[in-house]
Amino acid sequence: MEEAARYCRLDEARLHDGKQGVYIRQKNLILLDSRLCGVQRRCVLAHEISHARHLDAGCRCDRWAERRADIEAAAMLISPLEFAYAEAVYDGNTIGMARELNVLPWAIEAFRERLHDNPNLVVQ
């Protein structure tokens with residue numbers, strides 16, 4: 001939450017249409033669904049912080065901004081060393097790794113994309 005406060009205000013409400021979170025640029029606000037559990041809240045907040053950092057306009061602004069938000073969220077939530085450990089222990093199983101690292105499965109996939117884009121992050 002401290003990270004979010006650097007960029008905008010943070011609030012909760014009951015969101016609709018399957019939305020878990022949204023960054024509202026005009027109000028300088030991240031709004032999270034009040035029904036999220038801990039791991040969901042953590043991951044969605046990190047994703048929305050990325051949108052706030054870049055002052056993205058609107059929900060689902062474009063696929064590139066969404067991809068960037070997922071990858072940046074994964075970088076906020078997962079260290080390369082912890083990722084390497086979880087990958088070795090769970091033999092690359094996304095669900096097991098997500099549980100180990102306290103993230104949602106999409107964060108594991110986004111971190112894999114990050115590693116693909118920057119092989120220097122790979123821990124040997």
Side-chain angles (χ1 to χ4, degrees):
M1 284 203 257
E2 291 174 27
E3 181 73 10
R6 292 177 54 200
Y7 301 100
C8 62
R9 295 179 301 114
L10 176 63
D11 204 353
E12 291 185 22
R14 193 169 180 129
L15 301 182
H16 303 286
D17 300 325
K19 292 182 181 129
Q20 295 181 326
V22 62
Y23 168 64
I24 305 168
R25 182 176 169 181
Q26 301 85 333
K27 295 183 178 184
N28 197 33
L29 172 70
I30 291 175
L31 196 56
L32 298 178
D33 191 298
S34 58
R35 297 166 290 184
L36 297 179
C37 72
V39 68
Q40 290 172 314
R41 179 180 166 76
R42 182 173 181 259
C43 292
V44 172
L45 178 57
H47 176 96
E48 298 305 333
I49 286 171
S50 174
H51 286 308
R53 276 184 185 158
H54 296 281
L55 299 174
D56 291 336
C59 186
R60 303 262 182 236
C61 37
D62 63 49
R63 69 182 188 159
W64 306 114
E66 290 302 317
R67 178 180 180 267
R68 181 195 65 223
D70 283 349
I71 291 171
E72 287 185 2
M76 283 183 246
L77 299 169
I78 303 169
S79 82
L81 189 59
E82 290 172 338
F83 185 87
Y85 170 80
E87 193 166 47
V89 169
Y90 292 95
D91 198 30
N93 177 279
T94 301
I95 302 299
M97 292 174 67
R99 285 187 188 131
E100 176 74 24
L101 298 174
N102 196 31
V103 296
L104 295 173
W106 64 257
I108 298 298
E109 295 302 328
F111 199 86
R112 285 183 175 138
E113 274 191 69
R114 182 174 184 243
L115 290 176
H116 180 268
D117 293 347
N118 186 354
N120 294 327
L121 294 173
V122 174
V123 176
Q124 301 294 326

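Keep in mind that this is a model prediction, so the values were computed, not measured.
- The line from CZ of Arg68 to CG of Asp56 is 4.0 Å long, rounded to the nearest 0.5 Å.
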Quiz item: Taking it one step at a time, do Glu12 and Leu31 satisfy side chain to side chain contact (heavy atoms under 4.5 Å, CB included)?
Solution: CA-CA 5 Å; Glu12 291 185 22; Leu31 196 56; 5.6 Å; no

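- Connection of Ile78 to Met97 is established within a shared hydrophobic cluster, with ILVMFWY side chains joined at heavy-atom distances below 4.5 Å, either directly or through further cluster members.
- The 12-atom threshold is exceeded at CZ of Arg35, counting heavy atoms of other residues, nucleotides or ligands nearer than 6.0 Å.
- Pairing each heavy atom of Ala74 with each of Ala107, the nearest pair is CB-O, 3.4 Å.
- Cluster annotation: Met76 and Leu104 are assigned to distinct hydrophobic clusters (Ile/Leu/Val/Met/Phe/Trp/Tyr, side-chain heavy-atom contacts under 4.5 Å, transitive).
- The same ILVMFWY cluster, assembled from side-chain heavy atoms under 4.5 Å apart, contains both Phe111 and Leu101.
- Residue-environment remark: OH (Tyr85) stays at or below the threshold of 12 foreign heavy atoms within 6.0 Å.
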Exercise. Kindly determine whether Glu109 and Arg112 satisfy salt bridge (charged side-chain N to carboxylate O under 4.0 Å, His left out), including the steps that lead there.
Key: CA-CA 5 Å; Glu109 295 302 328; Arg112 285 183 175 138; 3.0 Å; yes

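- Remark: Glu87 CD to Glu82 CD distance equals 13.5 Å, nearest 0.5 Å.
- At least one side-chain heavy atom of Leu10 sits under 4.5 Å from a side-chain heavy atom of Leu45.
- Legend: residues meeting side-chain contact (heavy atoms from CB on, under 4.5 Å) with Arg42, ordered by chain and number and at least two apart, are Leu77, Asn102, Val103.
- Grouping the Ile, Leu, Val, Met, Phe, Trp and Tyr side chains by contacts below 4.5 angstrom, directly or via other members, places Tyr90 with Leu115.
- Using a distance-only test at 3.5 Å, with no hydrogens or angles considered, no donor-acceptor pair links the side chain of Asp17 to the main chain of Lys19.
- Of all non-hydrogen atoms in Ala65 and His51, the two that sit nearest each other are O-CE1, 3.7 Å.
- Among residues two or more places apart in sequence or in another chain, the salt bridge (charged side-chain N to carboxylate O under 4.0 Å, His left out) test is passed with Arg67 by Glu113, Asp117.
- A side-chain donor from one of His54 and Glu72 sits under 3.5 Å from a side-chain acceptor of the other.
- Across Cys8 and Ala52, no two heavy atoms sit closer than the pair SG-CB, 3.9 Å.
- Ile30 and Val39 fall into different hydrophobic clusters, where Ile, Leu, Val, Met, Phe, Trp and Tyr are joined by side-chain heavy atoms under 4.5 Å apart, directly or via other members.
- When all heavy atoms are compared, the tightest approach of Leu55 to Tyr23 is CD2-OH, 3.5 Å.
- Ion pairing between Arg41 and Asp33 fails under the 4.0 Å rule for side-chain N and carboxylate O.
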Exercise. Could you walk me through whether Asp70 and His47 pass side chain to side chain contact (heavy atoms under 4.5 Å, CB included), step by step?
Key: CA-CA 6 Å; Asp70 283 349; His47 176 96; 2.8 Å; yes

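- Under the 4.5 Å side-chain criterion, counting only non-hydrogen atoms from C-beta, Leu36 is in contact with Gln20.
- One distance of note links CG of Leu29 with CD of Gln26; it measures 10.5 Å at 0.5 Å rounding.
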